[in-house]
Amino acid sequence: MASFHGNQTTSSTTTLTHSPIYHSIILAGPRLKPLQQIHARIIITGLGRTRSLITKLLSFAYAAASPISYTRSLFFSIPKPDTFLFHSLITLTSKFSFPQESLLYYRRMLLANISSSNYTFSAVIKSSADLMAFSIGETIHCHVYICGYGLDAYVQAALVSFYAKSGRVMIARKVFDKMPDKTVVAWNSMISGYEQNGFGKEAIELFYLMQYLGVKPDSSTFVSLLSACAQVGAIGLGCWVHEYIARNCFDLNVVLGTALMNMYSRCGNVSKAREVFDSVEEKNIVAWTAMISGYGMHGHGSQAIELFNEMSFDGPRPNNVTFVAILSACAHAGLVDEGRQIFTTMKQEYGLVPSVEHQVCMVDMLGRAGHLNEAYQFVKNISPKEPAPAVWTAMLGACKMHKNFDLGVEVAEHLLSIEPENPGHYVMLSNIYALAGRMDRVEKVRNIMIRNRSKKEVGYSTIDVDHKVYLFSMGDKSHPKTNQIYLYLDELMSRCREAGYIPASESVMHEVEEEEREYALRYHSEKLAIAFGLLKTGPGVAIRIVKNLRMCEDCHTAIKYISIIANREINVRDRLRFHHFKDGSCSCQDYW
DNA sequence: CAGGACTTAG
């Protein structure tokens, strides 16, 4: 056997690649059943331990997404796995998303004293990223150095993407900067790395750098770039991308099309999103879901339902994400009966098990519409597991909205007992106490928060003016025109007050920190961005703002007044949906 | 013997 090892691959392929059995494997392709039948034949004919045949069989088995138990047994039936086998298994498993298998083979390969190549390294780095096995990835990064592949373009691009996926964008950028030859893929990895970590602005800036250096973008670049545009509301650049891909005859495939649709919906133009949707040839479930969610975001519940029905009729099968989208569309449009119906359909006709997200949608939908008892009943009926904190949070939101303080306090206290480390719950509890007039308790909760140094997520708003994105956070003074902006905002707000706007009282503010309270009222990031936008654009130009958190009541009211005072259309996208302000009212009809 | 980056919800 030992003498067989080594040269055997070449000698056997010459004979076996022409053998009928090898041919039948090729014919079977990536289909599990036929492959298993051939496997049986191989065993019967006594070739069951022939490496080349089993290797080919295994590669198709992975492409066919076969059960791990089967592929493992195939692997273990091979007496002396060689370099070729390991390399193909590692690249295949990583490509077909069996990351744990990929790492397992890597380990066995190391144990067998077989060295890695740039092919295997880039594959196992991707697998570590997919598995979120961050320390393993770092270890492999060390192996890469030791084995001298530190400058391989494929390996480096994989590392960029690995560090980005593990949330360490700075390190990703460091690896990227060190690359001597930056391939398009490397640029794409870095751009998408920024985008996926919420750094849309940086993603866009990197794209501009890429343009400046004359690197030709491809369809992947645009997919990530469009996501970044969607994130920060950069409609100017988004439209430019659309024109660019049309002018350069890019194939509008589903992925690019969906990214484009998503950009348009999230930048405020649903009808344009629909145009793109209609022009995409092979729509998959992701494209349909994106369109449904686009309608939902804009409060167009009935259009969302219409599209959903159309899809059930002759479209792909809806998945969990689709149901989150459609249920949340119902919630934001107040379509309670339809939502209940769809929830039932989801379980009965599609056999899907509602997840936490769906439960949140239902509680939110019932709660918003004022069916507090039904919502509470729904929460209590959740079994077999205890309802998730997110579900209770939705319930709490409903209590607050409909001013049911007794239930609200009960829910908030329960929430704190199951998730004491979440600062958001303290803020909610403190707000509920404040609304109920229990100022003694408000102070108590705030003190706990200050003691714990709890900080909630920092809010910011972005605005796109002349193809450039500006970012504002609360009380922000980093902008060169700061004084002018603040002065203008103050003037604007006093004119709003003259027109009847009453600022929310301090006790209902979401902020807890002392220094934040001072700025809280007037200088929420969306107000700053709007003031900036009004200053920078001419009359009649609509203002588009994107906010990372949900809008507060006070801003919502204030912006309605601003739309009258400044005589402008103002569109604000908050974390969940759009608000189109015009002539003193909002498209959400105060239902959000 | 062979490869990567990318779209939907909250």
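Per chain, numbering begins at 1; letters A, B, ... match sequence-line order.
- Comparing B:dC6, B:dA9, B:dA5 by their closest approach to the side chain of A:V185 singles out B:dA5.
- Side-chain atoms of A:R274 and A:Y295 form a donor-acceptor pair, as typed in the model, at a separation below 3.5 Å.
- As rounded to whole Å, 9 Å separates atom C1' of B:dC6 from atom CG of A:D218.
- Ring planes of A:Y244 and A:W240: tilted class, angle from 30 to 60°.
- Sorted by residue number, the list of members of residues 202-213 of chain A with any non-hydrogen atom under 4.0 Å from DNA chain B is empty.
- Legend: residues meeting side-chain hydrogen bond (donor to acceptor under 3.5 Å, both in side chains) with A:R550, ordered by chain and number and at least two apart, are A:D574.
- Checking B:dT7, B:dG10, B:dG4 against the side-chain heavy atoms of A:V324 singles out B:dG10 as nearest.
- Put simply, A:Q196 has a side-chain N or O that comes within less than 4.0 Å of OP1 or OP2 on B:dC6.
- For the pair A:T91 (side chain) and A:S88 (backbone), a donor-acceptor distance under 3.5 Å is present.
- An OP1 or OP2 oxygen of B:dT8 is reached within less than 4.0 angstrom by a side-chain nitrogen or oxygen of A:N262.
- Ring geometry for A:F323 against A:F308 counts as perpendicular: the plane angle is over 60°, on a 0 to 90° scale with 30° as the lower cut.
- A:R340 pairs by the salt bridge (charged side-chain N to carboxylate O under 4.0 Å, His left out) definition with A:D337, A:E374, not counting sequence neighbours.
- With hydrogens and angles ignored, no donor-acceptor pair under 3.5 angstrom links the side chain of A:S122 to the base of B:dG4.
- The number of heavy-atom neighbours closer than 6.0 Å to CG of A:D177, taken from other residues, nucleotides and ligands shown, is above 12.
- Nucleic acid contact for A:A186: none, since no nucleic acid atom lies under 4.0 Å from a heavy atom of the residue.
- For the residue pair A:M261 and A:A290, the shortest heavy atom distance occurs at CE-CB, 3.9 Å.
- Every residue meeting the ring-ring contact (aromatic ring centres under 6.0 Å, His included) condition with A:Y62, not counting sequence neighbours, appears here in chain and number order: A:F98.
- Stacking is not found between A:W187 and the pyrimidine-like six-membered ring of the B:dA5 base under the 5.5 Å centre-distance and 30° plane-angle cut-offs.
- We find that CG of A:D130 is positioned 12 Å from P of B:dG4, with the value rounded to whole Å.
- If you check every strand for non-hydrogen atoms under 4.0 Å, A:S189 touches sugar and phosphate atoms only.
- Sorted by residue number, the list of members of residues 303-313 of chain A with any non-hydrogen atom under 4.0 Å from DNA chain B is empty.
- Ranking B:dA9, B:dC6, B:dG10 by closeness to the A:R266 side chain, first place goes to B:dA9.
- Of the residues in residues 287-298 of chain A, A:T289, A:A290, A:S293 come within less than 4.0 Å of DNA chain B through at least one heavy atom, sorted by number.
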Yes or no on salt bridge (Lys or Arg N to Asp or Glu O under 4.0 Å) for A:R317 and A:E349, after CA distance, side-chain angles and deciding distance? CA-CA 11 Å; A:R317 206 181 156 75; A:E349 279 177 44; over 6 Å; no
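- Computed from coordinates, the A:K165 NZ to B:dG4 P distance equals 12 Å when rounded to whole Å.
- Nucleic acid contact for A:V360: none, since no nucleic acid atom lies under 4.0 Å from a heavy atom of the residue.
- Between the CE atom in A:M109 and the CG atom in A:L104 there is a gap of 12.0 Å [rounded to 0.5 Å].
- Comparing atom distances between the A:E357 side chain and each of B:dG4, B:dG10, B:dT7 picks out B:dG10 as nearest.
- In this structure, A:S328 reaches the B:dG10 phosphate: one of its side-chain N or O atoms is under 4.0 Å from OP1 or OP2.
- A:A157 comes within 4.0 angstrom of a base, heavy atoms only.
- Side-chain proximity of A:S224 to the nucleotides B:dG3, B:dC6, B:dT8 is greatest for B:dC6.
- A:Y264 and A:H242 share a donor-acceptor pair across their side chains, judged by distance under 3.5 Å alone.
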